[in-house]
Peer 1: 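One structure follows; several queries about it will come next.
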Amino acid sequence: MAEADLLDIRRKKLDELESSGIDPYPRRFEVETTVATLRGLYESWEEERLQEEEPRARLAGRIVAQRGHGKAGFADLENGDQRLQLYVRQDVLGEEAFALWQQIDVGDFVGIEGAMMKTRSGELSVRVDALTLLSKALRPLPEKWHGLKDTEIRYRQRYLDLLANPEVRETFKTRAAIIRGLRAHLDSHGFIEVETPMMQPVYGGAVARPFTTHHNTLDLDLYMRIAPELYLKRLLVGGFQRVYELNRNFRNEGISTLHNPEFTMLEFYAAYWDYGRMMDFAEELLTTVIETVVGSVDLEFQGQTISFKRPWARIPITQALVEIGGVPEELLSDTEALRAWLVERKVPVEEMSHGYMLDAALGRLVQPQVTSPLFVTHVPREASPFSKTVPDEPEVAERFELFCGGLEVANGYSEINDSREQRLRMEEMAVNRPPDVPAMDVDEDYIHALEYGMPPAAGIGFGIDRLVMLATDSASIRDVILFPLLRPKS
RNA sequence: GGGCCGUUAGCUCAGUUGGCAGAGCACCGGCCUUUUAAGCCGGGUGCCGCUGGUUCGAUCCCAGCACGGCCCA
């Protein structure tokens, strides 16, 4: 039947209900229990005991299936994630309420009251003796057996995806559990959660292209933040010793299975730590959260088994490129030979400086091959504009990137707290940036802040969406973001 | 930006070597007071993504476009 006809039929039912004095959208319903509670209480009872004691139940939910039997019928009521069968009989409910029952469609919300029972086949059910319509649905729900598969509808109308596909609800519960776990761990280790500007007059803290916007009253161009980094470090100047922010970043770049223009980042900073101490803490944090959420330190991701069991390997980038990426060792110090070798392997490094080239090679040749967590350290200085350098190795940053399941999951370093050094590095970045990233201004206000003194510190950023992908075995970032950006349909 | 694939009923999907468009679920009518993917009988689903072209005739072939997916950049 055409969609318009299906809608017409339900609108007609709605009109009939209203003209017979029934409010199809009442204000409230006093709920006394849930399906989960009822199952917990009575699932184990024998039918005879239920018959004798006839415990009462009053609850509400959505009708998700109906099986009519003339002057009786069965239906499945869903609330939370659980379903409970309703048994509706005209002789129990009365003629008037049964007539209402016959107007109920799959998708409607109802409130019911009745006695707990078990059917012949032993299914816990409620023998309904009072029925209240709580909300009339006008559109048909997706099909009950195959669910909703059309990816476009799943993303554009996520509510239908959640409605039809229980595993999608699980994914987003896992997402919430991960975020809860991260906060709990940080909170219990003396970190305080802060909120810093998402609209910034000068953007920074990462190498990326920003979104721009404008404040009318101030007549001020602003950037959506690409990272909270520089504001969080201002807070270290201000005397906070451990801070974190878990919120959205915005990058005006491509969309892929790994990239959404807005994504969720956890960044935190700890005074008096260096990058080594931060790696220790990152291991502890992630292992704890994964174990809490997944129930094990091992998990399956896209056909591979990832073990988060500590300790995690730590190797310098040069070793990673040679041993994992297969880069001939003698090319590492020969910029042009390395460039030719990489271009031959379709790594786009034509216009990159040596340091960014190594970083690009890391992403292309090493990252996809990493299964269990691996810290790659000693990243080139020029690709790391906020990292301190390794003592006696001015070309190498005290920085690590964390890879896992073929994804880049985190990135951290010993923070530059020497204002003179920071200015030089920001100026250097303007020259040596990757070709697709616009020039960034030196953030004078940030340099000014550093001049008041910032304690030695280490910081890290975690891509939360990717962590959720790992924990839920999701192949695309769109499967872990409730409303991923899609091109609007005209 | 490029390549490949997809778009058919509300949902899940068939299909047509180019000749009236199909199934299951859902829906509507009838029967049915312990079913559970209830069952039985009957019924209609539609801009075959959009715009052009080729053709006597296009859902099918061709081109362009839109949206989506995967891969590459």
Side-chain angles (χ1 to χ4, degrees), chain A residues 1-13 16 47 50-51 63-78 82-95 98 101-108 114-129 137-161 163-165 253-260 302 342-343 345-352 360 363-364 368 406 434-436 474-479 484-490:
Chain A
M1 187 169 294
E3 186 169 27
D5 296 333
L6 294 168
L7 274 166
D8 280 346
I9 289 162
R10 294 216 183 178
R11 286 206 186 93
K12 206 172 149 215
K13 284 185 189 173
E16 284 167 11
E47 193 182 337
L50 285 167
Q51 257 171 29
I63 299 296
V64 293
Q66 285 177 309
R67 297 174 289 282
H69 278 266
K71 292 185 172 58
F74 293 90
D76 295 334
L77 179 90
E78 182 175 283
Q82 296 206 46
R83 295 176 174 193
L84 183 65
Q85 179 166 268
L86 307 182
Y87 182 37
V88 181
R89 300 171 53 121
Q90 189 185 45
D91 57 4
V92 173
L93 197 52
E95 271 185 38
F98 194 77
W101 173 251
Q102 288 179 311
Q103 298 280 74
I104 298 291
D105 290 301
V106 168
D108 293 353
M116 300 306 296
M117 57 167 281
K118 274 192 173 172
T119 62
R120 231 173 250 162
S121 55
E123 172 141 356
L124 187 67
S125 308
V126 185
R127 188 186 295 105
V128 178
D129 52 41
L138 294 179
R139 293 182 184 273
L141 264 38
E143 199 231 8
K144 61 183 173 184
W145 191 242
H146 297 92
L148 179 69
K149 293 189 177 167
D150 186 309
T151 46
E152 196 168 346
I153 301 177
R154 288 187 48 226
Y155 296 148
R156 287 191 196 277
Q157 295 176 268
R158 181 70 88 182
Y159 47 92
L160 291 180
D161 190 25
L163 212 53
N165 300 319
E253 294 170 353
I255 296 177
S256 75
T257 48
L258 297 178
H259 299 88
N260 194 61
Q302 303 297 295
L342 288 171
V343 167
R345 280 153 188 81
K346 302 224 156 78
V347 185
V349 294
E350 283 86 349
E351 291 166 47
M352 280 185 192
R364 287 294 293 275
D436 57 331
S474 299
S476 169
I477 198 168
R478 287 181 215 99
D479 292 323
L485 185 66
L486 300 185
R487 194 186 291 272
K489 283 210 133 171
S490 50

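The model shown is predicted, which means the values in this text are computed figures rather than measured ones. Just so we're on the same page: letters track the sequence lines, and every chain starts at 1.
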Peer 1: Which nucleotide in the set C13(B), G69(B), U33(B) lies at the smallest distance from any side-chain heavy atom of Lys149(A)?
Peer 2: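 Per side-chain heavy atoms of Lys149(A), the pick is C13(B).
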Peer 1: Quick one: list whatever passes salt bridge (charged side-chain N to carboxylate O under 4.0 Å, His left out) with Arg478(A), sequence neighbours left out.
Peer 2: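 Partners of Arg478(A) under the salt bridge (charged side-chain N to carboxylate O under 4.0 Å, His left out) test: none.
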Peer 1: Counting only side-chain heavy atoms from C-beta out, which of G46(B), C70(B), U35(B) sits nearest to Ser476(A)?
Peer 2: C70(B)
Peer 1: Classify the nucleic acid contact of Leu486(A) as base, sugar-phosphate or nothing, counting any heavy atom under 4.0 Å across all strands shown.
Peer 2: sugar-phosphate
Peer 1: So, is Arg120(A) near the phosphate of U35(B), with a side-chain N or O under 4.0 Å from OP1 or OP2?
Peer 2: yes
Peer 1: Starting the side chain at C-beta, find the nucleotide from G24(B), U35(B), C70(B) nearest to Arg478(A).
Peer 2: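 For the Arg478(A) side chain, the nearest candidate turns out to be C70(B).
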Peer 1: Arg11(A) CZ to C28(B) C1': how many Å, rounded?
Peer 2: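 One finds 17 Å between C1' of C28(B) and CZ of Arg11(A), rounded.
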Peer 1: Identify, with sequence neighbours excluded, every residue that meets ring-ring contact (aromatic ring centres under 6.0 Å, His included) alongside Tyr155(A).
Peer 2: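 Tyr155(A): no ring-ring contact (aromatic ring centres under 6.0 Å, His included) contacts found.
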Peer 1: Can you figure out which of C27(B), C28(B), U33(B) approaches the side chain of Arg89(A) most closely?
Peer 2: U33(B)
Peer 1: Taking only N/O atoms, report every protein-nucleotides 71-73 of chain B pair under 3.5 Å with atom names and distance.
Peer 2:
| residue | atom | partner | partner atom | Å |
| --- | --- | --- | --- | --- |
| A73(B) | OP1 | Lys346(A) | O | 2.9 |
| A73(B) | OP1 | Arg364(A) | NH1 | 3.4 |
| A73(B) | OP1 | Arg364(A) | NH2 | 2.5 |
| A73(B) | OP2 | Arg364(A) | NH1 | 3.4 |
| A73(B) | OP2 | Arg364(A) | NH2 | 3.2 |

Peer 1: G2(B) and G49(B): how far apart are their C1' atoms, nearest whole angstrom?
Peer 2: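 G2(B) and G49(B) have their C1' atoms separated by 23 Å.
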Peer 1: What's the closest nucleotide to the side chain of Ala72(A) if the choices are U33(B), A37(B), U12(B)?
Peer 2: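 Output: U33(B).
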Peer 1: The side chain of Leu148(A) lies closest to which of these nucleotides: G69(B), C11(B), U34(B)?
Peer 2: C11(B)
Peer 1: Mind checking Leu141(A) for me? I need base, sugar-phosphate or nothing, with any heavy atom below 4.0 Å counting as a touch.
Peer 2: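 If one applies the 4.0 Å heavy-atom cut-off, Leu141(A) turns out to touch nothing in the nucleic acid.
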Peer 1: If you measure from the P atom in G42(B) to the same atom in C25(B), how many Å do you get, rounded?
Peer 2: 14 Å
Peer 1: Which nucleotide wins on minimum distance to the side chain of Ile9(A), given the candidates C27(B), C11(B), G46(B)?
Peer 2: C27(B)
Peer 1: Of the nucleotides G69(B), U35(B), C28(B), which one has an atom closest to the side chain of Glu123(A)?
Peer 2: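 Looking only at heavy atoms from C-beta outward on Glu123(A), the closest nucleotide is U35(B).
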Peer 1: Which nucleotide in the set G68(B), C27(B), U33(B) lies at the smallest distance from any side-chain heavy atom of Glu152(A)?
Peer 2: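 The listed nucleotide nearest to Glu152(A)'s side chain is G68(B).
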Peer 1: Rounded to whole angstrom, note down the C1' distance from A66(B) over to G10(B).
Peer 2: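 About 22 Å, rounded to a whole number of Å.
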Peer 1: Take atom C1' in G43(B) and the same atom in A9(B), then report the distance between them in whole Å.
Peer 2: 15 Å
Peer 1: The criterion is salt bridge (charged side-chain N to carboxylate O under 4.0 Å, His left out); which residues satisfy it with Arg156(A), sequence neighbours excluded?
Peer 2: Glu152(A)
Peer 1: When the distance from CD of Glu3(A) to P of A9(B) is rounded to whole Å, what number comes out?
Peer 2: 11 Å
Peer 1: Categorize Arg156(A) for me: base, sugar-phosphate, or nothing, with a 4.0 angstrom heavy-atom threshold over every strand shown.
Peer 2: sugar-phosphate
Peer 1: Applying the Watson-Crick and G-U wobble criteria at under 3.5 Å, what pairs with C20(B)? Answer none if nothing qualifies.
Peer 2: none
Peer 1: Just N and O in the side chain of Arg67(A): are any of them under 4.0 Å from OP1 or OP2 of A38(B)?
Peer 2: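 It does, given that an N or O in the side chain of Arg67(A) lies less than 4.0 Å from OP1 or OP2 of A38(B).
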Peer 1: Is the phosphate of C67(B), meaning OP1 or OP2, less than 4.0 Å from a side-chain N or O of Arg487(A)?
Peer 2: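 Affirmative; the distance criterion is met.
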Peer 1: With sequence neighbours left out, write down each residue that passes salt bridge (charged side-chain N to carboxylate O under 4.0 Å, His left out) with Arg345(A), or none if nothing qualifies.
Peer 2: none
Peer 1: In chain order, what residues pass the salt bridge (charged side-chain N to carboxylate O under 4.0 Å, His left out) check against Asp76(A), with sequence neighbours excluded?
Peer 2: Arg67(A)
Peer 1: Which nucleotide sits closest to the side chain of His146(A): U12(B), G46(B), C27(B)?
Peer 2: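 Comparing U12(B), G46(B), C27(B) against the side chain of His146(A), the answer is U12(B).
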